[in-house]
Amino acid sequence: MAEVQSLEDAVRELVHDGDSVALEGFTHLIPFAAGHEIIRQGRRDLTLIRMTPDLIYDQLIGMGCAGKLIFSWGGNPGVGSLRRFRDAVENDWPRSLEIEEHSHAGMANRYAAGASNLPFAVLRGYLGTELMERSASTVARVECPFTGEELAAVPAIRPDVGIVHAQRADREGNVQLWGIVGVQKEIVLASERSLVTVEEIVDELEPRPGAIVLPTWSVTAVAEAPRGAHPSYAHDYYDRDNGFYQEWDEISRERDGFTRWMEENVL
Amino acid sequence: MAEVQSLEDAVRELVHDGDSVALEGFTHLIPFAAGHEIIRQGRRDLTLIRMTPDLIYDQLIGMGCAGKLIFSWGGNPGVGSLRRFRDAVENDWPRSLEIEEHSHAGMANRYAAGASNLPFAVLRGYLGTELMERSASTVARVECPFTGEELAAVPAIRPDVGIVHAQRADREGNVQLWGIVGVQKEIVLASERSLVTVEEIVDELEPRPGAIVLPTWSVTAVAEAPRGAHPSYAHDYYDRDNGFYQEWDEISRERDGFTRWMEENVL
Amino acid sequence: MSEDFTADELMTVSSARELQDRTVCFVGIGLPSTAANLARLTHAPRTVLVYESGTIGSKPAALPLSIGDGELAETADSVVSVPEIFNYWLQGGRIDVGFLGAAQVDRRGNLNSTVIGDYDKPKVRLPGGGGAPEIAAMVREVIVIIRQSERSFVEEVDFRSSVPATGDMVVITDLGVLRRQDDELVLTRVHPGVSVEQAKEATGWDLRVADDLDETDPPSDEELRVLRELRSALEEAKA
Amino acid sequence: MSEDFTADELMTVSSARELQDRTVCFVGIGLPSTAANLARLTHAPRTVLVYESGTIGSKPAALPLSIGDGELAETADSVVSVPEIFNYWLQGGRIDVGFLGAAQVDRRGNLNSTVIGDYDKPKVRLPGGGGAPEIAAMVREVIVIIRQSERSFVEEVDFRSSVPATGDMVVITDLGVLRRQDDELVLTRVHPGVSVEQAKEATGWDLRVADDLDETDPPSDEELRVLRELRSALEEAKA
């Protein structure tokens, strides 16, 4: 049974220095509120995992929370670079950042393997690319035992903590989300501990087209966080704040300006 | 784009002697009408594939359509044996039946690998069981290239023809189904050619909770077949005919009685 | 306390009692489903029933005849695909208890639901493993319901369909209850009116008996009432 | 026929024209999405757009800013999980065309969207491969949109992010169109007013030119009108 608690308490109980943490949400339902709480609590040396780091990891990286990043596409969608991510990779600011880089298909399969309690996943991919060499410790070749065909293998990802945002939970902690569902289910099921922030807690989860439900017993903690995905969006609650994604390019351009903005708006 | 055509035409075009054919539907939405059409057209030497052969394969086997069966649970659900299946395995009547036997998890993963265009799937399972030895050509051991752990591998299933039943299609051949979705999507996507029979063809597919949609371009043919899953059921259309599943035990008990019933009711 | 109950009823009630509240239970069809739903409607209302058809948290009012009845989907918290139920939920390690039937069980707890006799030329071809091989392997506790006789309780099964995981394993029969201890099924309880001798005679190996052998409490009026309601609704559904 | 159009507009229009009607197209965000939607709203109304966020058959009225805008889900025939879109749909071999961008392309058609300079100490750290490595590998035809210059058209990419499959590959630039022939990109068409010399100068290798070099038709009024409507709606959405 998931414990329904405050965001602050949930993050304090679940996220510790040095943990591997995946805050997922494929463009939709990105758990910004939870990421900000991690920053406020001053976590350090996290291994951050996310297919598309997006602004939330730009902020975590810029604030020095991360020692390592596992990812597959590190841009500001529709805008350009993630400047704090680049500053860390190119100039080790505010600290060096180890990276482990994969393709989207590789990451999605690593999560699915984690959710399935398998040590690895098999896919067509990587062969011929330099990711195969650069991420050699996490990409291998396997041979089909029936056809002899050569395929790529990637190790499962099983984070210490998986965090996602969803539209709703009921009072028992059953979670419902819809729209683009991304890898939300996979990351909750792949993680040792999980936190779901929700737009609202309701008496009953009415069935809706395209919705998936995570039963309360598959989740560790649920916390109410209205607008907790902003500037990302929550389908049927609020739209993506495209303007903020544009502004972020300017806010994050210089180290000082970034730090000041974080102090004023997040800390 | 799926061709919307009559059941008779669709089966004639898609199903040929010697084909491997999977008529799927996990208890729900079993494509009985399509199976009966295959019997009427007198197909022979089929490799029949289905997790739960159910009455429809009892009928196909008893009528001599099958040379081989790939399956994981061959009973009459809630009643007992499939008597025609047993007669074929135990006494080679009406002809010998080669069997390739797996577990449900193995079959589900074989379908998923087929849908994913992978030659094999990896799972925990089989180890320690005699299925591992008895189905040795289709169960192998693989080692995780990262952890060295030993797991089971099963080859993908990619039938010549995949056939499922669904509640609805629109006039362009987009298919919608809901309730227990089983392996319907996997078998359509895993198969070289596919046929979906539907309760009705409608102008528009309204979104519904729990529904999945197969786009017309992922399906070969769609045929209207009202009550085409009977005595199985179609969620929100009609219930399972549990009485008939009971009666089948008696109808199928003796060879003569079975043949007579098929002549009177199917041919 | 009711006196007029059958051995099968006591077996089912006894099985239901094994299921603790708030456990997540993967349920096979037939007696396992009856027992699991009896538990849910009596002492274990928060038990979560998962069926291999992909229904999670089903709360059927009547017993399903098949593993995929519409009722199971309608009353579920979530319905997922069959690959997902086996990969993410069962193999994912999220199921506490697996509730199974079988045609044979042997001294070490191996289960046979595949063939009686030789696999290639079977005396009786049974339905096969279905979901059981992975259920048995992936859950923390395996509960097996099976009628006890020299034919079903054998030194070694004719075919190893399922090999229960190394966790807890309990076998509930119409005569009593066995638990696996040191890789061997041991009689730990007999039903009222059943002697140890009877249980031994109905076992195809030299049955070990626990030192602290217990006797099963007979079914309560409540247990019998709910069980009989479940069954009569099932009989109606069959008709 | 309109005369006042930019090189970028011609590049986008030219890319859109590559997309035949009734094809299934996996679309990257940015220029590829603009071109694919332009095709859908002009000559290829039955083209099926698939986005890596899991939306199948999206029909956005305005251009999405991100790959996972709500509009893409709302207008889709089906929304599936990200593992499913990559495994069942892309790897499953159901996608005809992959529409991609890149920072660099080389003579053989390899694409770089990862780093400029050395991987471990990059001059510019780019976003990375994202969905492109598998899109490029699994589709029947790869269409790449990229502005042509000595920095983007290189003898060998700084990093092989994506290696397009052995099928058709076409590269649309602001100067013309290149097709892969015998494992080498060959200039097959120039845009109006662009000379072969200009295209060669903007290429970091000794560019081969097709014997039957063609010239691109300028954008039609209709193409320009739809493209500009799409763009202005996008600009509004950004604000």
Side-chain angles (χ1 to χ4, degrees), chain B residues 25-28 51-53 71-82 85-86 88-90 99 101-109 111-112 115 123-134 178-186 210 212 232-233 235-236 239-240 242-243 245-246, chain C residues 29-30 33 51-55 63-74 76 78-87 90-91 110 112-115 117 119-138 157-163 234 237-239:
Chain B
F26 202 87
T27 308
H28 179 213
M51 295 176 69
T52 61
F71 77 109
S72 43
W73 191 83
N76 179 344
V79 179
S81 288
L82 291 177
F85 158 66
R86 279 185 58 182
V89 173
E90 294 171 9
I99 61 171
E101 188 166 1
H102 281 263
S103 66
H104 278 352
M107 287 292 284
N109 276 290
Y111 290 158
L123 71 159
R124 296 179 187 279
Y126 292 93
L127 304 178
T129 75
E130 270 172 272
L131 278 177
M132 188 94 195
E133 299 148 33
R134 289 297 173 170
W178 62 90
I180 288 171
V181 295
V183 291
Q184 307 288 84
K185 182 184 279 189
E186 284 73 18
I212 60 173
S232 166
Y233 72 107
H235 205 117
D236 288 332
D239 289 336
R240 190 169 187 269
N242 291 325
Y245 275 83
Q246 301 271 332
Chain C
I29 209 64
S33 176
Y51 287 82
E52 63 194 18
S53 52
T55 67
L63 286 178
L65 182 66
S66 92
I67 206 82
D69 277 13
E71 171 99 353
L72 296 178
E74 269 157 23
S78 181
V79 179
V80 302
S81 74
V82 167
E84 180 177 325
I85 202 73
F86 280 104
N87 290 345
L90 178 61
Q91 185 174 267
N110 297 311
N112 174 19
S113 46
T114 305
V115 288
Y119 185 80
D120 289 318
K121 211 62 210 167
K123 253 187 283 187
V124 182
R125 172 65 230 198
L126 301 163
E134 279 78 20
I135 298 173
M138 297 305 304
V157 288
D158 290 5
F159 190 91
R160 262 190 338 276
S161 311
S162 306
V163 181
L234 180 62
K238 282 184 185 178

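Each chain gets a letter, A, B and so on, in the order its sequence line appears, and its residues count up from 1.
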- Item | Minimal non-hydrogen separation, B:Glu101 against C:Tyr119, with atom names | OE1-OH, 2.6 Å
- What residues form a side-chain contact (heavy atoms from CB on, under 4.5 Å) with C:Ala137, not counting sequence neighbours? none
- Please state whether the side chain, the backbone, both or neither of B:Ile212 comes within less than 4.5 Å of a heavy atom of chain C. neither
- Query: Where is the tightest heavy-atom contact between C:Pro127 and B:Gly80, given as atom of each residue plus distance?
  - Reply: CG-O, 4.4 Å
- Task: Measure C:Asp69 against the heavy atoms of chain B and call it side chain, backbone, both or neither at under 4.5 Å.
- Result: both
- Relative to chain B, which segment of C:Pro133 carries a heavy atom at a distance below 4.5 Å: side chain, backbone, both, or neither? side chain
- Carboxylate-amine/guanidinium contact C:Arg160 B:Glu133, below 4.0 Å: yes
- Heavy atoms only: give me the nearest C:Phe86-B:His104 pair and the separation to one decimal. CZ-CB, 3.4 Å
- May I ask you to name which of C:Asn110, C:Val115, C:Val163, C:Val80 has the most heavy-atom pairs under 4.5 Å with chain B? C:Val163
- Task: Could you look at B:Tyr111 and say if it's the side chain, the backbone, both or neither that has a heavy atom under 4.5 Å from chain C?
- Result: neither
- Smallest separation among heavy atoms of C:Pro122 and B:Glu90, with atom names: O-CG, 4.0 Å
- Note on the structure: Whatever's closer than 4.5 Å to a heavy atom in chain C on B:Tyr245 counts as neither
- Contact class of B:Arg124 relative to chain C, heavy atoms under 4.5 angstrom: both
- Task: Under 4.5 Å heavy-atom distance to chain B, tell me which part of C:Glu71 shows up: side chain, backbone, both or neither.
- Result: neither
- Task: Compare every heavy atom of C:Val79 with every heavy atom of B:Gly179, then report the nearest pair and how far apart it is.
- Result: O-CG1, 3.6 Å
- Item | C:Thr114 side, atom OG1; B:Trp73 side, atom CH2 - distance, nearest 0.5 Å | 12.0 Å
- Item | Inter-residue atom distance B:Thr129.OG1 - C:Asn112.CG, 0.5 Å rounding | 11.5 Å
- Is it the side chain or the backbone of C:Val124 that comes within 4.5 Å of chain B heavy atoms, both, or neither? both
- Counting heavy-atom pairs under 4.5 Å to chain C, which of B:Ala112, B:Pro53, B:Gly182, B:Pro77 comes out on top? B:Gly182
- side-chain contact (heavy atoms from CB on, under 4.5 Å) evaluation trace for B:Leu123 with C:Glu134: CA-CA 10 Å; B:Leu123 71 159; C:Glu134 279 78 20; 4.0 Å; yes
- Message: Quick check on C:Lys121: does its NZ atom have over 12 non-hydrogen neighbours (other residues, nucleotides or ligands) under 6.0 Å away?
- Response: yes
- Task: Could you pull out the closest heavy-atom pair between C:Ala73 and B:Ile180, with the gap in Å?
- Result: CB-CG1, 3.9 Å
- Task: Take B:Met51 and C:Val82 through the side-chain contact (heavy atoms from CB on, under 4.5 Å) test and state the conclusion after the steps.
- Result: CA-CA 11 Å; B:Met51 295 176 69; C:Val82 167; 3.8 Å; yes
- Message: Can you tell me which portion of C:Ser53 sits under 4.5 Å from chain B's heavy atoms? Options are side chain, backbone, both or neither.
- Response: both
- Could you tell me which of B:Arg240, B:Arg134, B:His235 has the largest number of non-hydrogen atom pairs under 4.5 Å with chain C? B:Arg134
- Message: With a 4.5 angstrom heavy-atom cut-off, is it the side chain or the backbone of B:Met132 that approaches chain C, or both, or neither?
- Response: neither
- Message: Between B:Asn109, B:Val183, B:Asp239, who has the most heavy-atom pairs with chain C when the cutoff is under 4.5 Å?
- Response: B:Asn109
- Message: Shorter than 4.5 Å, heavy atoms on both sides: which option in B:Leu82, B:Leu131, B:Thr52 has the most such pairs with chain C?
- Response: B:Leu131
- Task: Using modelled atom types only, decide if a donor and an acceptor are shared between the side chain of B:Tyr233 and the backbone of C:Gly70 within a distance under 3.5 Å.
- Result: yes
